[in-house]
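In what follows, a single structure is set out as C-alpha cells and then discussed.
Each chain gets a letter, A, B and so on, in the order its sequence line appears, and its residues count up from 1.
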Amino acid sequence: MDSAQFHEAVYNVVRQIPQQHVTSYGHVAKLVGMPRHARHVGQALKFLMPGVQPPIPWHRVLAASGVISSRGPETDGAQRQREALEAEGVEVIDGRTGEMRVDLRRWGWFPPVGSIDTGVDAEAADNDGENHSQQEREDED
DNA sequence: ACTGTGACGTGCT
DNA sequence: AAGCACGCCACAG
C-alpha cells in the first residue's frame with residue numbers, strides 16, 4: 001500500500017461515515033488496515049480536503065478523545081469543523097480551555113475492521129511486527 | 001543520517 | 001477532565 005492507495009482507502013472509508021456520526025483518525029487507520037497510521041489519516045484528509053469531487057465528510061473524523069484537533073492558533077479549521085458538525089445536528093461541547101469536543105458514546109461510529117469496503121486491497125496493508133497468520137479465528141465469543 | 005514536526009493514540013498522574 | 005510522557009510513522013530540512 002503506497003500513499004496513493006492509502007489516500008484512496010481513507011477517502012472511501014470517510015465517505016461512508018453516516019450523518020450525525022463521527023469516528024476517530026485511529027479507527028479510520030484500522031479500517032484501512034494500517035492501525036499505527038492515525039497521524040497519516042489526518043495528513044491524507046488535509047491532502048484530500050480541497051476540491052475533491054464528491055466532497056467527503058472530513059468533519060466527521062476527530063481525535064479518539066473526542067476533541068476536535070486544533071490546526072494551529074492562526075487557523076480556523078477546527079471552527080469550520082465544529083460548524084459542519086452542528087449543521088448536521090451533532091452536539092459540540094465547549095471545554096474550559098477552549099477545546100471543542102464531541103461525546104463519542106453518543107455520536108461515535110466504530111464499525112468492526114473488515115466490515116467496511118475500502119476499495120483497496122487490504123492484503124497489501126501494514127503487516128510488520130505483530131502479524132497474525134492468515135488463519136485468525138474470529139469465531140469465538 | 002539526524003532532528004523536528006504533525007487534523008494521533010494510550011497509559012499514568 | 002486535563003496534562004504530560006512516550007510511542008508511532010512518513011516527510012521536510
Whole angstrom is fine here: how far is it from [atom1] in [X] over to [atom2] in [N]?
X        : N      : atom1 : atom2 : result
A:Phe6   : C:dA10 : CZ    : C1'   : 10 Å
A:Arg71  : B:dT5  : CZ    : C1'   : 17 Å
A:Ile68  : B:dG9  : CD1   : C1'   : 18 Å
A:Lys46  : C:dA10 : NZ    : P     : 15 Å
A:Leu104 : B:dC8  : CG    : P     : 14 Å
A:Gln43  : C:dC11 : CD    : P     : 7 Å
A:Leu45  : B:dG6  : CG    : P     : 17 Å
A:Asp94  : C:dA2  : CG    : P     : 11 Å

Shortest side-chain distance from [X], nucleotide among [options]:
X        : options              : value
A:Arg36  : B:dG9, C:dA2, C:dC8  : C:dC8
A:His40  : C:dA10, C:dA1, B:dA7 : C:dA10
A:Arg101 : B:dG9, B:dA7, C:dA2  : C:dA2
A:His37  : B:dA7, C:dA10, B:dG6 : C:dA10
A:Thr97  : C:dG3, B:dA7, B:dC8  : C:dG3

- Return the residues of residues 17-31 of chain A meeting this criterion: a heavy atom under 4.0 Å from some atom of DNA chain B. Order them by number, or give none.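 A:Ser24, A:Tyr25, A:Gly26 - these, ordered by number, are the residues of the stretch whose heavy atoms sit under 4.0 Å from the strand.
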Using atom types as modelled and distance alone, determine if a side-chain donor or acceptor of [X] lies under 3.5 Å from a backbone N or O of [Y].
X       : Y        : result
A:Gln20 : A:Val90  : no
A:His27 : A:Pro111 : yes
A:Arg60 : A:Ile17  : yes
A:Arg36 : A:Met34  : no

- Task: Take the angle between the ring planes of A:His37 and A:Phe6 and call it parallel below 30°, perpendicular above 60°, tilted in between.
- Result: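 Tilted: the ring planes of A:His37 and A:Phe6 meet at 30° to 60°.
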- Which heavy atom in A:Val113 sits nearest to a heavy atom in A:Lys30, and how many Å separate them?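 Smallest interatomic distance, heavy atoms only, reads CG1-O, 3.7 Å.
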- Query: Is A:Arg80 touching bases, backbone alone, or none of the nucleic acid, heavy atoms closer than 4.0 Å?
  - Reply: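 Since no nucleic acid heavy atom lies under 4.0 Å of A:Arg80, the category is nothing.
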- Does A:Ser69 place a side-chain N or O at less than 4.0 Å from the phosphate oxygens OP1/OP2 of B:dC8?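 Answer is yes, contact under 4.0 Å.
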- Going through the distances and angles, do A:Val102 and A:Ile93 end up as a side-chain contact (heavy atoms from CB on, under 4.5 Å)? CA-CA 6 Å; A:Val102 174; A:Ile93 305 166; over 6 Å; no
